[in-house]
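Below is one structure, written out as structure tokens, with a few remarks after it.
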Amino acid sequence: MELEKTILRKVGEAIGRFKMIREGDRVAVGLSGGKDSVTLLEALLLLQKRAPIHFTVCAFTVEQGKFLSPIAPFGEYLKARGVDWTYVEDGPSLRLLDEQPDHGCDLCSRFRRRAVYSIARGLGANVIAFGHTADDFCESFLRNAMFTGRLSALPPVTYSRKRDFRLIRPLVYVTETLTRDYAQGLGAPVIPCGCSQKTGTVRRTLRDMFGEIERDHPFLKETLLSAMGRIETGRLLDTRFLDLDGDAEEGGFFAEEETPELVKLG
Ligand code: SF4
């Protein structure tokens, strides 16, 4: 299947480029009930069989009280595929929902992070994989640049504060057009999160903006991801990277650097 091959190639490229998975790793995939994390799980299960290294994969879902439909069909789907899946209702998140129904993402994600680490620890995992896609990286990049005044997106690889978990995002080069088609082909039930239905959010505005520009420039996300991988620090305004006194070696910060090729998303 061509779509599956494309996704595996992109996930494999991300894993290799960012050294996401190593010999002996136990990878816990965070399943949100959506198309992206299901695609990630399937990709990792397939790559596990083909990879030259040995690693194991398990999956988990944290219930924070935001699913709009019952999770049971999702569990049945995973069971039928023989996936090692753990489902945990997070008490503190559910209480938060009762006590502060209008809480923001900061609080919600802090609670989720705590639950995720505790579940992953219980599963004996040293790697936690999240289903953020190329779309998420691009949106985050623009959101930070336009609304928070920072040039940053999401880390493809990072570590928990105590460094007991490697946190990876292997779908960095996979767009949601691909995950939508792939999850549909798998017949995976999608359990929507209440937050994904909200309108009037910055995220929604950026999504609409992308959709509009992509009508004339279909490789917009490809170009943005490439830009994130080849930063010209001498042409930005951060004085830490500027040769203000002209004493950098010849070429200095302005030297042409070797840059990776444009990332192919298509
Ligand atoms: S979008 Fe919803 S589920 Fe996600 S962090 Fe924000 S409040 Fe939580």
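Atoms within each ligand, like the ligands themselves, are counted from 1 in listed order. No hydrogens, no waters, no symmetry mates; every other heavy atom, side chains included, goes into these values.
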Problem - NZ/NE/NH1/NH2 to OD/OE distance under 4.0 Å, D136 and R207 - result: yes
Exercise for the section: Compare every heavy atom of V127 with every heavy atom of M20, then report the nearest pair and how far apart it is. Expected result: O-CG1, 4.4 Å
Handout entry: A153 versus N144, closest heavy-atom pair with distance
Key = O-ND2, 3.9 Å
Exercise for the section: Mark the output for R112 as yes if a heavy-atom distance to ligand 1 is under 4.0 Å, and as no if none is. Expected result: yes
Handout entry: T133 side chain to E176 backbone, donor-acceptor under 3.5 Å
Key = no
Exercise for the section: Show which atoms of ligand 1 fall inside a sub-4.0 Å distance from at least one heavy-atom site of K66. Expected result: 3 (S), 7 (S), 8 (Fe)
Problem - Between D36 and T39, a side-chain donor and acceptor under 3.5 Å - result: no
Fill in the blank from the handout: For atom 6 (Fe) of ligand 1 the protein N, O or S atom count under 2.8 Å stands at 1
Problem - Side chain E63, main chain G65, donor-acceptor under 3.5 Å - result: yes
Practice task
Using the test salt bridge (Lys or Arg N to Asp or Glu O under 4.0 Å), find all partners of R113 that sit at least two apart in sequence or belong to another chain.
Solution key: none
